[in-house]
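One structure is given here, and the rest of the page talks about it.
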Amino acid sequence: MPDIHVTLPDGSARSLAAGSSVYDLAALIGAGLAKAALAGKVDGVLVDVTSPLHDGAKVEIITEKSPDALEIIRHSASHLMAQAVKELFPAAKVTIGPAIENGFYYDFDVDQPFTPEDLEKIESRMAELARADMRLERSVLSSAEAISRFEAMGEPYKRELIEGIGAETVSIYTQGGFADLCRGPHVPSTARIKAFKLLSIAGAYWRGDEKNRMLQRIYGTAFVDRKELDAYLHRLEEARRRDHRKLGRELDLFSFSDEVGAGFAIWHPKGAMLRTIIEDFERREHLKHGYDIVVGPQILKTELWQRSGHYENYRENMYFTEVDEQSFGVKPMNCLSHMMIYKSHLRSYRDLPLRYFELGTVHRHERAGVLHGLMRVRCFTQDDAHILCTPEQLDAEIKGVLSFVSEVMAIFGFDYEMELSTRPEKSIGDDSAWELATNALLSALKDTGRPYEINEGDGAFYGPKIDIKLRDCLDRRWQCATIQCDFTLPERFDLHYIASDGEKKRPVMVHRVLLGSIERFIGVLIEHHAGSFPLWLSPVQAIVLTVTDSQIPYGQSVLEQLRNAGIRVQGDFRNEKLSFKIREAQLQKVPYMLVIGDKEVEQSTVTPRYRDGRNLDPMSTIEFAAFVEQESKKFR
């Protein structure tokens, strides 16, 4: 047979017999590579190791070290799980089972929900099937043949999937006695699936439609080896320990109530104090950076939301009400009020830029299924600002916001990543305005010298945006700050200024938040610090603990002095053992405990004890207040 010629990633060429597979190429290069081969990438497309090569192909051998390996292993693990479920629960009907960011899942139609004990059985059977070293074999059938085959197997969901594909042929993968519809690729054998864990069970509607049958979804994860899996499971356990919903209850920061309604946080005294600290910090910093503080109403006439495009593009996320037979929209964003402030006076180019800042509370109708503690709520406060400037000022203003973001993230101790999100399919404005806005953001990003990514089609409906995603201590990414460039709304609201030549011109509008939702940011802070906030952020910075009742009068005077000095302090004068009081203060993660016994009363001192057990030397109340102030300044 005539030879075929292929090119490897390093540019070298290899010749093989026609009909040779990816595996044959790996074997030609070396026995070690053939043994390590998981899959191949031919002309940029992932394929099985058994896939034949064509003349002129550019080929990469995928091994466990390749960036694409993990997704292939996880997808194969989902099939392994489905096989185990079918063997243990023959009446279960299989639907879909993709790889996802941190693992995989598979949805099953079963009469009885799965239990945690079922997960243990399924995982055990998966391990047995993996050790069985079964080959995963791909076959191509006509769509009609495939539908007949799956219906004969009692798998009705596959018909809808095949018809949705709309192709003449489909591929099926078989391992042992299990077959599943899939485009692949997969690992060559079940033995290559070596490190996996089933994590949880959830309900999921077929095709995500609430009108369809509720299925049972099993989530799992898989890694190349046990070491990586163990590290991931440790991070999961750490995330559970740090869960802001759990710590929010334990630290008495906030709560949610079914009587109030899902997605509406109730802030308790310590949580409200934490918010106040952050909000006061924001006001001070914005004033320093040349922003004016403004406040807009909670509801605005619906016709304004229609003019802005929110009604057409965002109304499913809005709440509406009626006052005096006039329709109003509860604001999901603050930009409309800020434009009204701009329009209240005739503006000159000499007035610009104008920077309006508002800690604005907004309401958005989020579906119940996506609500998640403080991370996803229906009522939240944004550190929202809108900059109105001339086109010539735009570059400097965007860079100014990027610099502001950098300063604030450093104060809170976060590193971050950036991405540019471009025009979505559902949007307003003409192409030229979008091009100008996108180029302005792109130019500012390039000049920062920091790396960034492009996120195609994920901009706001009125303009492109830079999204800043901070990284927490578990290396998770959280969307907080965003910068949006908007040429469209100033036109829709007929905003203008008098230029130096006396002509009317349109300003450009920059929408931006630094922390984003205060609620979400606090949730991130709680999990990042595991509730042990730095001193400057702690709702309670110190607690006064008396050993016996005889020290209460002095303890109360210490409490009063510290409060007068601006220290956030509480007292615990209960008739309890000191060890019990210290333990409770540690559980509440209070930074400093001021222990007062007879010696402290005699010497008019306090003995500070840090929450990790370290003791400081005795000092006067005023010295401790100065110490707290000095330590707090280190973080801000």
Side-chain angles (χ1 to χ4, degrees), residues 247-255 266-285 411 522 525-526 529 531-636:
L247 290 172
R249 291 191 300 272
E250 293 174 357
L251 301 179
D252 197 24
L253 300 175
F254 61 87
S255 63
I266 303 168
W267 293 91
H268 298 199
K270 288 196 292 183
M273 176 56 70
L274 178 58
R275 282 189 63 133
T276 300
I277 295 164
I278 293 171
E279 290 173 356
D280 286 350
F281 163 81
E282 291 243 61
R283 292 186 183 95
R284 290 194 305 271
E285 291 301 310
I411 289 169
I522 288 176
L525 277 178
I526 292 170
H529 293 289
S532 297
F533 301 111
L535 187 60
W536 77 277
L537 276 175
S538 294
V540 179
Q541 294 174 310
I543 185 166
V544 179
L545 307 177
T546 49
V547 178
T548 66
D549 288 352
S550 65
Q551 293 102 33
I552 290 177
Y554 178 66
Q556 289 174 330
S557 71
V558 168
L559 196 67
E560 184 176 351
Q561 286 183 70
L562 290 175
R563 282 177 176 162
N564 289 337
I567 307 303
R568 299 186 293 276
V569 62
Q570 292 181 345
D572 187 349
F573 304 141
R574 293 174 298 170
N575 186 18
E576 298 283 358
K577 290 183 178 179
L578 179 62
S579 59
F580 176 79
K581 294 181 181 180
I582 290 173
R583 177 61 179 158
E584 285 219 326
Q586 287 175 322
L587 289 174
Q588 287 298 300
K589 305 182 187 293
V590 178
Y592 286 99
M593 288 147 270
L594 304 181
V595 178
I596 295 177
D598 289 338
K599 182 180 176 182
E600 284 76 19
V601 174
E602 288 175 20
Q603 298 178 353
S604 295
T605 60
V606 294
T607 301
R609 175 190 176 97
Y610 194 59
R611 58 188 163 205
D612 67 2
R614 288 179 288 128
N615 286 312
L616 301 180
D617 293 333
M619 60 183 74
S620 70
T621 303
I622 298 305
E623 287 173 330
F624 178 72
F627 168 78
V628 170
E629 180 62 24
Q630 189 62 35
E631 287 295 300
S632 296
K633 284 180 180 177
K634 292 179 182 179
F635 297 96
R636 55 180 168 87

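We count residues from 1, following the sequence as given. Since we're looking at a predicted model, the values are computed, not measured.
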Trace of the side chain to side chain contact (heavy atoms under 4.5 Å, CB included) decision for V540 with Q588: CA-CA 9 Å; V540 179; Q588 287 298 300; over 6 Å; no
Any side-chain heavy-atom pair of [X] and [Y] under 4.5 Å:
{"X": "Y592", "Y": "L535", "value": "yes"}
{"X": "M593", "Y": "K581", "value": "no"}
{"X": "V558", "Y": "F624", "value": "no"}
{"X": "T607", "Y": "K599", "value": "no"}
{"X": "R283", "Y": "D280", "value": "yes"}
{"X": "E250", "Y": "L247", "value": "yes"}
{"X": "E584", "Y": "E576", "value": "no"}
{"X": "I277", "Y": "F533", "value": "no"}

Nearest 0.5 angstrom please: [X] [atom1] to [Y] [atom2], how far?
{"X": "S538", "Y": "K270", "atom1": "OG", "atom2": "NZ", "result": "10.0 Å"}
{"X": "R574", "Y": "I552", "atom1": "CZ", "atom2": "CD1", "result": "11.5 Å"}
{"X": "H268", "Y": "L274", "atom1": "NE2", "atom2": "CG", "result": "13.5 Å"}
{"X": "I266", "Y": "L253", "atom1": "CD1", "atom2": "CG", "result": "13.5 Å"}
{"X": "T546", "Y": "L594", "atom1": "OG1", "atom2": "CG", "result": "11.5 Å"}
{"X": "Q551", "Y": "I596", "atom1": "CD", "atom2": "CD1", "result": "8.0 Å"}

Backbone N/O of [Y] and side chain of [X]: donor-acceptor pair under 3.5 Å:
{"X": "S532", "Y": "K589", "value": "no"}
{"X": "E560", "Y": "S557", "value": "no"}
{"X": "D617", "Y": "M619", "value": "no"}
{"X": "Y554", "Y": "T605", "value": "yes"}
{"X": "E285", "Y": "E282", "value": "no"}

Taking all atoms of both residues into account, what is the closest heavy-atom pair of [X] and [Y], and its distance?
{"X": "E600", "Y": "V606", "answer": "CG-CA, 4.1 Å"}
{"X": "Q570", "Y": "R563", "answer": "CA-NH2, 4.5 Å"}
{"X": "S632", "Y": "Q541", "answer": "OG-NE2, 3.7 Å"}
{"X": "R611", "Y": "V590", "answer": "CB-O, 3.2 Å"}
{"X": "A585", "Y": "I543", "answer": "CB-CG2, 3.9 Å"}
{"X": "R568", "Y": "L537", "answer": "NH2-C, 4.0 Å"}

From CA spacing to verdict: side chain to side chain contact (heavy atoms under 4.5 Å, CB included), I278, L525: CA-CA 11 Å; I278 293 171; L525 277 178; 3.8 Å; yes
Side chain to side chain contact (heavy atoms under 4.5 Å, CB included) evaluation trace for R583 with K577: CA-CA 10 Å; R583 177 61 179 158; K577 290 183 178 179; over 6 Å; no
Side chain to side chain contact (heavy atoms under 4.5 Å, CB included) between F254 and I522, intermediate numbers included: CA-CA 11 Å; F254 61 87; I522 288 176; 5.7 Å; no
